[in-house]
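One structure is given here, and the rest of the page talks about it.
Lettering of chains follows the sequences in order, A, B, ..., and the numbering in each one begins at 1. Computed over heavy atoms, backbone and side chain alike; hydrogens, waters and symmetry mates excluded.
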Amino acid sequence: MACEDAALPHGAVIALPREPMKLRLNRFPWWFAAIVVIMLVTTGVISTQPSFQQSFNFIKAGLSVTIVTTLAAFSIAIVLGLVTGLGRISSNVVFKNLATLYVEIIRGIPMLVLIFFIALVLVPASTSGLNALGSWLTGMGLGSIGGALSAIDNKGVPMQLRAVIALSITYGAFSAEIFRAGIQSINKGQMEAARSQGMNYWQAMRFIILPQAIRNVLPALGNDFISMLKDTSLVSVLAVRDITQVAKLYAGQTFQYPEAYSTLAVLYLTMTVVLSLLVKLLERRFQS
Amino acid sequence: MTDPDDIIVVRNVIKRFGSVWALRCVSVTIKRGRVVVIIGPSGSGKSTLLRCINHMEVEDEGEIYIDGQLLTQDEKKINEIRADVGMVFQHFNLYPHLTVLENITLAQEIVRKRNKDEARQIALQQLERVGILEKADSYPAQLSGGQQQRVAIARALAMKPKIMLFDEPTSALDPEMIKEVLDVMLDLAKEGITMVVVTHEMGFARAAADEVIFMDEGRIIEHGAPELVFDHPRHDRTQLFLSQILQK
């Protein structure tokens, strides 16, 4: 036979000659090795140096606040983002404009300013609004609901909850754009096929478009999650005791700046590296 | 009112896309059980006419009746009518995240409100009819183009439609797969379901069509039995088109 390959059984794997060493060295992810080395070195330092050990033990108390804030705010942001994303592409003029207004306002304001504004202006304004509604309802004879609304105290809304509200409103706008792009990336023929079978718009969205769109945007949402984890550091300006705030306190008390801030940085880096590895896995799984 | 035997009535329909006239006053009546093939050069409005029949495009002027019911903007009514009008697309448009079987059962369950077992039963029957029962649990991406299109036909048939619309069903297929799809369509034509087919397959038109419509520049130029339109076209434009397409 002229061609040897033809004699191979179907699906046989042909061993390729090994790549030259230089190519393989070029392809090696040196940056990742460097990150691993950094994390190993700092783990070593933290476990052997008493001053680092002390700062780590102090700062890790903020971990639960950072993680809980991230998870809570991200869950709300996803729901808000999905609804807003659907609004952005809606043919309903009111829905569409409200969604676009929301996204544009949030995108035009720095996140730090938004956190101050939402936590210290929007939340107090909403509570006094609810109070007014409560006393009006009580006046109307609906004391049971009215009383509960009047009883909401602005000072009673904890700063961590305000931080969660602020972050979810901010990230809701970001993820709305991800969802919108994801939905628009689905071939128009899918909606047509579903509608041609008699499904209404929402059935077609729910059963045909969204399952495909969400699958496509999972990696992007994962990256958003990582960004949010990092941005929770901003809530330290509200005196919420996340790891950043705790590290600041520790540094202020002990003047051990290198200990406090290297520990802090490595903590964030560890969390984000692990998460971005997960996102990469997700991407690879869905590429096939 | 319309004759109960007239399953599709298109009356004075005008459709524009911006400054382009897709349909310039089209009127046509299709009787129950007829197989009608629409031919014509690209941009002649054949696909637009087909898409107006199930309101995928909404006409600017004129009326369309499906089985005596006027198509209006009433969403609910349109959805009910669409369930009775199956459509097969050039690019198949199977749902890639669902298996072949799920592709066929989904709309049966949520639109026709059939239970799971019944929907599955009907889906399997239709898959057998188009000759790919063994692919029920595959995903669309694992099928060839011809197989995908046959699944798309089964998906439409499972709804038990009164009318089947085909929008260039073989135009996106590799040549060796065209026959398997046309064979399924030929069988269907013999079974007496009303079919409206936009296609460039003149062999299919001759073999299966009861009527042929030739369109050009948004108008119906010729409408009659295939022998008449193909062998004795009355208009120069039909002759020109046929000579061009038969040269290939």
Residues two or more places apart in sequence or in another chain: which of them pass side chain to side chain contact (heavy atoms under 4.5 Å, CB included) with Ala72(A)? Val164(A)
I'd like a table of the N/O donor-acceptor pairs between chain B and chain A - cut-off under 3.5 Å, distance only.
from: Arg51(B); atom 1: NH1; to: Glu192(A); atom 2: OE1; distance (Å): 3.1
from: Arg51(B); atom 1: NH1; to: Glu192(A); atom 2: OE2; distance (Å): 3.4
from: Arg51(B); atom 1: NH2; to: Glu192(A); atom 2: OE2; distance (Å): 2.7
from: Glu75(B); atom 1: OE1; to: Arg195(A); atom 2: NH2; distance (Å): 2.8
from: Asn93(B); atom 1: ND2; to: Gly189(A); atom 2: O; distance (Å): 3.2
from: Leu94(B); atom 1: O; to: Gln190(A); atom 2: NE2; distance (Å): 2.8
from: Tyr95(B); atom 1: OH; to: Ala194(A); atom 2: N; distance (Å): 3.4
from: Tyr95(B); atom 1: OH; to: Gln197(A); atom 2: OE1; distance (Å): 2.7
from: His97(B); atom 1: ND1; to: Gln212(A); atom 2: NE2; distance (Å): 3.4
from: His97(B); atom 1: NE2; to: Phe207(A); atom 2: O; distance (Å): 2.9

Going from CD1 on Ile208(A) to CG on Leu98(B), what distance comes out if it is rounded to the nearest 0.5 angstrom? 5.5 Å
Determine all donor-acceptor pairs shorter than 3.5 Å in which one atom belongs to a side chain in residues 193-200 of chain B; sequence neighbours excluded.
from: Thr194(B); atom 1: OG1; to: Gly33(B); atom 2: N; distance (Å): 2.8
from: Thr199(B); atom 1: OG1; to: Glu201(B); atom 2: N; distance (Å): 3.0

Is it the backbone or the side chain of Val111(B) that comes under 4.5 Å from a heavy atom of chain A, or both, or neither? side chain
Contact leader toward chain A among Val88(B), Leu94(B), Leu165(B), where contacts are heavy-atom pairs under 4.5 Å: Leu94(B)
Under the ring pair (Phe, Tyr, Trp, His ring centres under 6.0 Å) test, residues paired with Phe207(A) that sit two or more places apart: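 Checked Phe207(A) against ring pair (Phe, Tyr, Trp, His ring centres under 6.0 Å); zero matches.
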